[in-house]
*Asks:* 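One structure follows; several queries about it will come next.
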Amino acid sequence: MIFQLTCTRCGTSLPFRIRDIRCVCGGTLAVEYDMERVRRRLTQDRLRGRAASMWRYRELLPVRHDKHIVSLGEGWTPLVRLEAAAKSLSLGGLWIKRDEQNPTGSFKARGFSAAVSVAQEHGIRRVAVNSNGNAASALAAYAARAGMEAFVFVPRDCPRPIVEECLLYGARTVYVDGLIHDAGRIVGEGEAEQLWHHVGTLQEPGRAEGKKTMGLELAEQLSWQLPDVIVYPTGGGSGVIGMWRAFAQLRELGWVGERLPRFVSVQEAGCQPIVDAMSGRPHTAKGDSAPTGMRVPNPPDLELVVSVLRASGGTAIAVTGDEIGQARKAMGAQGISSSPEGAATWAAMIRLTADGWIRKREKVVLFNTCHAMKYTAGETEPVAVVRNYAEWAGLGLD
Ligand SMILES: *Cc1c(COP(=O)(O)O)cnc(C)c1O
Ligand SMILES: [Zn+2]
């Protein structure tokens with residue numbers, strides 16, 4: 001066994017497969033590796049000489065043969081330290097993981113590089129996904145790179161630049177009159193008809209594994225000293241699930257200490273199923289918020305996300321659209337462009353430091369998961385329009 005599937009709920013192990021990754025008990029099946037083999041092949045010394053890509057951790061990714069890897073240069077994104085903000089908030093360190101600097105402008109590239117590679121290894125030629133946008137354009141790009149046909153289904157309010165991106169990569173792009181789970185039903189029914197392979201969140205084993213590399217990278221970039229708190233904008237939760245597995249695997253290798261970071265899942269008020277589940281409120285699948293990567297009213301395995309948050313000693317928090325707007329400005333004033341999702345992590349961090357949940361001298365990592373440009377609708381105007389210097393000078397704005 002190089003890798004197999006193991007149920008995250010009941011622990012049953014099964015041979016690796018790419019479809020039906022739900023166990024008979026209802027739990028999600030996750031990839032488990034022969035850690036002795038990993039230990040022999042992956043050393044910190046060897047890592048130093050490897051390419052600056054998420055495939056530097058290839059022993060911990062579920063692809064057997066290098067020739068099946070579908071890569072566009074994803075991963076190994078900058079981890080930028082925000083010294084001044086850390087100081088004014090009395091933190092021991094504050095970093096932002098700039099995952100918008102991935103191919104297709106979002107961290108979804110990680111998941112789809114892995115999922116499309118796995119699909120390639122299993123001879124799949126047609127792939128489809130339901131998405132609020134970023135998963136669609138990432139699938140479109142990686143499918144094009146692999147020579148596969150891609151079908152993407154997005155809600156009608158998906159940001160236009162993302163739709164155009166999907167079309168540029170040649171994906172069959174369809175608006176769905178509904179939310180992401182309505183789109184998911186269409187993709188699921190198409191898969192049942194054997195039209196395509198469904199690469200939606202937690203529908204196959206590759207995406208969560210690709211997302212896992214965020215955790216591996218973060219650990220390596222911090223010289224294997226994990227932070228105290230990770231603040232992550234959460235939709236379906238594959239990033240939370242993936243990073244938690246990354247840390248568990250690093251702990252098994254003995255590369256990080258026993259204590260793992262506390263995860264904070266950030267959502268937007270109006271679509272906060274994880275926040276509700278954490279506080280025991282009944283779940284109502286509402287999607288009354290902006291169309292961001294966090295707007296997932298029905299996460300495919302809510303119970304698994306909640307169990308990770310609990311196991312880590314973490315929490316979930318909903319921030320308002322206003323707080324996100326203020327956070328974007330605060331980050332912009334530090335030279336950091338942020339997507340609404342990335343800004344949500346800043347807003348949550350501000351609230352949690354103010355109420356003491358994040359304590360003084362703790363080390364905190366925020367995630368900017370997508371490029372700001374993807375959501376700019378051309379609504380803001382510059383200060384003036386001029387034809388020459390005299391007109392500028394006449395404005396008296398200098
Ligand atoms: C998909 C997405 C998220 C949510 O990620 P999950 O790991 O699925 O919870 C957050 N931010 C952006 C920009 C996204 O595209
Ligand atoms: Zn099970």
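The analysis underlying the following values was restricted to heavy atoms, covering all of them including side chains, and did not include hydrogens, waters or symmetry mates. Quick note: residue numbers are just sequence positions, from 1. One-based numbering, in listed order, for ligands and for the atoms of each.
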*Asks:* Examine Y232 against ligand 1 and note whether any of their N/O atoms are separated by less than 3.5 Å.
*Replies:*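 So ligand 1 has an N or O lying under 3.5 Å from an N or O of Y232.
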*Asks:* What residue and heavy atom of the protein are closest to atom 2 (C) of ligand 1, and at what distance?
*Replies:*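 Ranked first by proximity to atom 2 (C) of ligand 1 is K108 NZ, 2.4 Å.
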*Asks:* Please confirm whether S106 approaches ligand 1 to less than 4.0 Å, judged on its heavy atoms.
*Replies:*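 S106: no contact with ligand 1 (<4.0 Å).
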*Asks:* Regarding R41 and E59, does a basic nitrogen lie under 4.0 Å from an acidic carboxylate oxygen?
*Replies:*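 So R41 does not pair with E59 through a salt bridge.
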*Asks:* Take the Zn ion (ligand 2) as the vertex and measure to SG of C7 and SG of C25; round to 10°.
*Replies:*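 Approximately 100° at the metal, rounded to tens of degrees.
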*Asks:* Below 3.5 angstrom, do we get any N/O pair linking K211 and ligand 1?
*Replies:*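 Yes - when backbone and side-chain N and O of K211 are compared with those of ligand 1, one distance drops under 3.5 Å.
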*Asks:* For N134, take its heavy atoms, then give the atoms of ligand 1 lying under 4.0 Å from any of them.
*Replies:*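 Selected atoms, number and element: 13 (C), 14 (C), 15 (O).
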*Asks:* To the nearest 10 degrees, could you say what angle the Zn ion (ligand 2) makes with SG of C23 and SG of C10?
*Replies:*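 Answer comes to 110°, rounded to 10°.
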*Asks:* Counting only heavy atoms not in R81, do more than 12 sit closer than 6.0 Å to its CZ atom?
*Replies:*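 Correct, the count exceeds 12.
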*Asks:* N/O to N/O below 3.5 Å, does that happen between G293 and ligand 1?
*Replies:*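 So ligand 1 has no N or O lying under 3.5 Å from an N or O of G293.
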*Asks:* Between E252 and R39, is there a salt bridge with N-O shorter than 4.0 Å?
*Replies:*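 So R39 does not pair with E252 through a salt bridge.
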*Asks:* Would you say that K212 contacts R110 through its side chain, given a criterion of any heavy-atom pair below 4.5 Å between the two side chains?
*Replies:*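 No, side chains not in contact.
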*Asks:* Can you tell me which residue and heavy atom of the protein come closest to atom 12 (C) of ligand 1, and the distance to 0.1 Å?
*Replies:*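 It is T369 OG1, 3.3 Å.
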*Asks:* Just going by heavy-atom distances, which of P233, G237, A135 is nearest to atom 10 (C) of ligand 1?
*Replies:*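 The option holding the nearest heavy atom is P233.
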*Asks:* So if I count the atoms of ligand 1 from 1 in the order they appear, which ones are less than 4.0 Å from some heavy atom of G239?
*Replies:*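 In order of number, 7 (O).
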*Asks:* Would T234 count as a contact of ligand 1 if the rule is a heavy atom under 4.0 Å away?
*Replies:*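 The answer is yes, since T234 has a heavy atom less than 4.0 Å from ligand 1.
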*Asks:* Are any of the heavy atoms in F107 under 4.0 Å away from ligand 1?
*Replies:*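 Judged by the 4.0 Å heavy-atom criterion, F107 does count as contacting ligand 1.
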*Asks:* If you measure from the Lys or Arg side-chain nitrogens to the Asp or Glu carboxylate oxygens, is any gap between D20 and R17 under 4.0 Å?
*Replies:*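 R17 and D20: not salt-bridged.
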*Asks:* Going through the distances and angles, do F153 and W196 end up as a ring-ring contact (aromatic ring centres under 6.0 Å, His included)?
*Replies:* CA-CA 13 Å; F153 294 83; W196 49 55; 5.6 Å; yes
*Asks:* Classify the ring geometry of Y232 against F107: parallel below 30°, tilted from 30° to 60°, perpendicular beyond 60°.
*Replies:*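 Plane angle between 30° and 60°, so tilted.
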*Asks:* Considering the heavy atoms of C370, write down every atom of ligand 1 situated less than 4.0 Å from one of them.
*Replies:*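 Those atoms are 13 (C).
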*Asks:* Count the heavy atoms belonging to other residues, nucleotides or ligands that lie under 6.0 Å from CZ of R172, then report whether that count exceeds 12.
*Replies:*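 At most 12 heavy atoms, drawn from other residues, nucleotides or ligands, come within 6.0 Å of this atom.
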*Asks:* Evaluate whether atom NZ of K363 has more than 12 neighbouring non-hydrogen atoms of other residues, nucleotides or ligands under 6.0 angstrom away.
*Replies:*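 12 or below, so no.
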